[in-house]
Amino acid sequence: MVKSLKVFMYKPEEAEFKLATKVESLFYSLLQNSTYITQDPEEAHLFFVPFSPNISRRALARFIARVRTEFPYWNRALGSDHFYLSCAGIPPESDRNLVELKKNAIQISCFPTRHDKFVPHKDVTLPPLPEPHSRMRRVRATTLVNDTEAHAGRLDGGGEFCVGESGNDASWIGEALRLGCVPVVVTEGPVNDMPFMDVLRWGDIAVFVRSGEGVTRVLGDTWRVRHERIKGLGVVASKHFQWNHPPLPFDAFNTIMYQLWLRRHTVRYATMQ
């Protein structure tokens, strides 16, 4: 994949191209300077459509229209071999260009995403940048057995389970995996946007608990039966959450590119008239 995958990047519509988050900017910088980029669109497997998060809907539609008319590649698959970077997602629109962008192109988003702006079988998520001092509920197995009050503190690897929500601050998950602290993700419903869904079997490296289900009871059963196996697999999986500059094999950047590589064989739709 590293030697074969080629990506052609269109020129941004905006004169000043800026991204909203550090992880978006990091991914863009790494991609722009990677060996994946080609200046020859004829050898490209995928096409990157760069735009900043504050671009207007009209300007974005105009950008896609320009890509459609000036290059022959969008119309071959109605954009399904194209991808874009947007943590905000594409809002519902009636404009044909934006409809095809949202429906067909691969969205690289930030974790966690809103369920109405993410298509699990098509889109991928950026893992968050690690936050070593993320706060969460750190729970020890002895606490579970005795059913006493759980300890709270900074993530330091001392806890056997690290409990947190799948809300806005999910940077703790990768750090918990690295330290051998089994992530316990408390959710309001099914989570379909976990990073690297094509690569990691999340059911083997983390515990998912519905809000109000009873974390202590669920973790008590897990600790007795599966804790050491989950912990070991999580430590191995943590390498995929590491951001490096320059990138290293199997790190966050290259794992994202691998997910794009898996999507390079697109369904070719008939060109719309």
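Small disclaimer: the values here were computed from a predicted structure and weren't measured.
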Are Met1 and Leu30 co-members of a hydrophobic cluster defined by side-chain heavy atoms under 4.5 Å apart? yes
Do Leu260 and Leu26 sit in one hydrophobic cluster, given that two such residues count as connected whenever their side-chain heavy atoms are within less than 4.5 Å of each other, even indirectly? yes
Does the ring center of Phe161 lie less than 6.0 Å from the ring center of His227? yes
Same cluster (ILVMFWY, side-chain, under 4.5 Å), Leu262 and Val7: yes
So, for Val163 and Trp172, which heavy atoms are closest and what is the spacing to 0.1 Å? C-CH2, 4.3 Å
If you measure from the Lys or Arg side-chain nitrogens to the Asp or Glu carboxylate oxygens, is any gap between Glu93 and Arg57 under 4.0 Å? yes
Taking the side chain as every heavy atom from C-beta outward, state whether Trp243 and Pro127 have any atom pair closer than 4.5 Å. yes
Does Arg178 pair with Glu175 as a salt bridge, N-O distance under 4.0 Å? yes
Measuring only between side-chain heavy atoms, which start at C-beta, is His240 closer than 4.5 Å to Val199? yes
What I'd like to find out is whether the side chain of Asn104 reaches to under 4.5 Å of the side chain of Val99, using heavy atoms alone. no
Where the side chain of Asp95 meets the backbone of Asn97, is there a donor-acceptor pair that is under 3.5 Å apart? yes
If we check side chain to side chain contact (heavy atoms under 4.5 Å, CB included) with Phe51, which of these qualifies: Leu85, Leu19, Leu60, Ile64? Leu60
To the nearest 0.5 angstrom, please state how far the CG atom of Leu46 sits from the CD1 atom of Ile106. 5.5 Å
What are the two closest non-hydrogen atoms of Ser56 and Ala59, and how far apart are they? OG-N, 3.1 Å
Phe27 vs Phe48 aromatic rings, parallel, tilted or perpendicular, using cut-offs 30° and 60°? perpendicular
Ser52 and Asn54: side-chain donor and acceptor closer than 3.5 Å? yes
Salt bridge between Glu100 and Arg68, side-chain N to carboxylate O under 4.0 Å? yes
Which is it for Asp81 and Arg76 under the salt bridge (charged side-chain N to carboxylate O under 4.0 Å, His left out) test, yes or no, and what are the steps along the way? CA-CA 9 Å; Asp81 52 2; Arg76 295 187 309 187; 3.8 Å; yes
Side-chain heavy atoms nearer than 4.5 Å, only ILVMFWY residues, links allowed to pass through others: does that put Leu177 and Met197 together? yes
Heavy-atom side-chain contact between Tyr84 and Pro50 under 4.5 Å: no
Quick check: closest heavy atoms across Asn192 and Pro120, and the distance to 0.1 Å? CB-CG, 3.6 Å
So, do Tyr258 and Val2 sit near enough that their side-chain heavy atoms are less than 4.5 Å apart? no
For the residue pair Trp202 and Pro195, establish whether any side-chain heavy-atom pair is separated by less than 4.5 Å. yes
Output for pair (Arg201 CZ, Met194 CE), nearest 0.5 Å, gives 15.0 Å
Is any side-chain heavy atom of Leu126 less than 4.5 Å from a side-chain heavy atom of Phe111? no
If you measure from the Lys or Arg side-chain nitrogens to the Asp or Glu carboxylate oxygens, is any gap between Asp198 and Arg263 under 4.0 Å? yes
If hydrophobic clusters are built from ILVMFWY residues whose side chains come within less than 4.5 Å, do Leu129 and Val124 share one? yes
With no hydrogens and no angle check, is any side-chain donor or acceptor of Asn254 less than 3.5 Å from a backbone partner on Phe250? no
Trace of the ring pair (Phe, Tyr, Trp, His ring centres under 6.0 Å) decision for Phe71 with Tyr10: CA-CA 10 Å; Phe71 298 88; Tyr10 295 107; 5.0 Å; yes
Glu43, CD: over 12 other non-hydrogen atoms inside 6.0 angstrom: yes
Run Ile256 and Ile108 through side chain to side chain contact (heavy atoms under 4.5 Å, CB included) and show every step you take. CA-CA 9 Å; Ile256 293 165; Ile108 300 181; 4.3 Å; yes
Counting only N and O atoms by type, is there a donor-acceptor contact under 3.5 Å from the side chain of Lys239 to the main-chain atoms of Ala252? no
Could you tell me whether a side-chain N or O of Ser29 sits under 3.5 Å from a main-chain N or O of Ser25, the two making a donor and an acceptor? no
Nearest-0.5 Å distance that lies between atom OH in Tyr36 and atom CZ in Phe253: 6.0 Å
Could you state the interatomic distance from NZ (Lys122) to CD (Gln107), rounded to the nearest 0.5 Å? 6.5 Å
Out of curiosity, Cys162 SG to Ile173 CD1, how far, rounded to the nearest 0.5 Å? 10.5 Å
Between Glu24 and Thr21, is any side-chain donor less than 3.5 angstrom from a side-chain acceptor? yes
Could you go through Phe196 and Phe241, starting from their C-alpha distance and side-chain angles, then the distance that decides it, and tell me whether this counts as ring pair (Phe, Tyr, Trp, His ring centres under 6.0 Å)? CA-CA 9 Å; Phe196 311 134; Phe241 287 80; 5.6 Å; yes
We want to know whether His82 and Tyr73 form a side-chain donor-acceptor pair, criterion being a heavy-atom distance below 3.5 angstrom. no
What verdict does the side chain to side chain contact (heavy atoms under 4.5 Å, CB included) test give for Glu160 and Val182, after you've listed the backbone C-alpha separation in whole Å, the side-chain angles of each residue and the deciding distance to 0.1 Å? CA-CA 6 Å; Glu160 297 182 0; Val182 175; over 6 Å; no
Please test Leu101 against Trp74 for side chain to side chain contact (heavy atoms under 4.5 Å, CB included), starting from the C-alpha separation and ending with a verdict. CA-CA 10 Å; Leu101 178 66; Trp74 182 278; 4.0 Å; yes
Backbone N or O of Ile90 within a donor-acceptor pair of the Lys102 side chain at under 3.5 Å? yes
State whether a side-chain donor-acceptor pair under 3.5 Å links Gln242 with Asp251. no
Hey, does Ile37 have a side-chain heavy atom less than 4.5 Å from the side chain of Gln32? no
Gap between atom CG of Leu233 and atom CD1 of Ile205 - 0.5 Å precision: 8.0 Å
Any side-chain donor-acceptor pair under 3.5 Å between Asp193 and Thr125? no
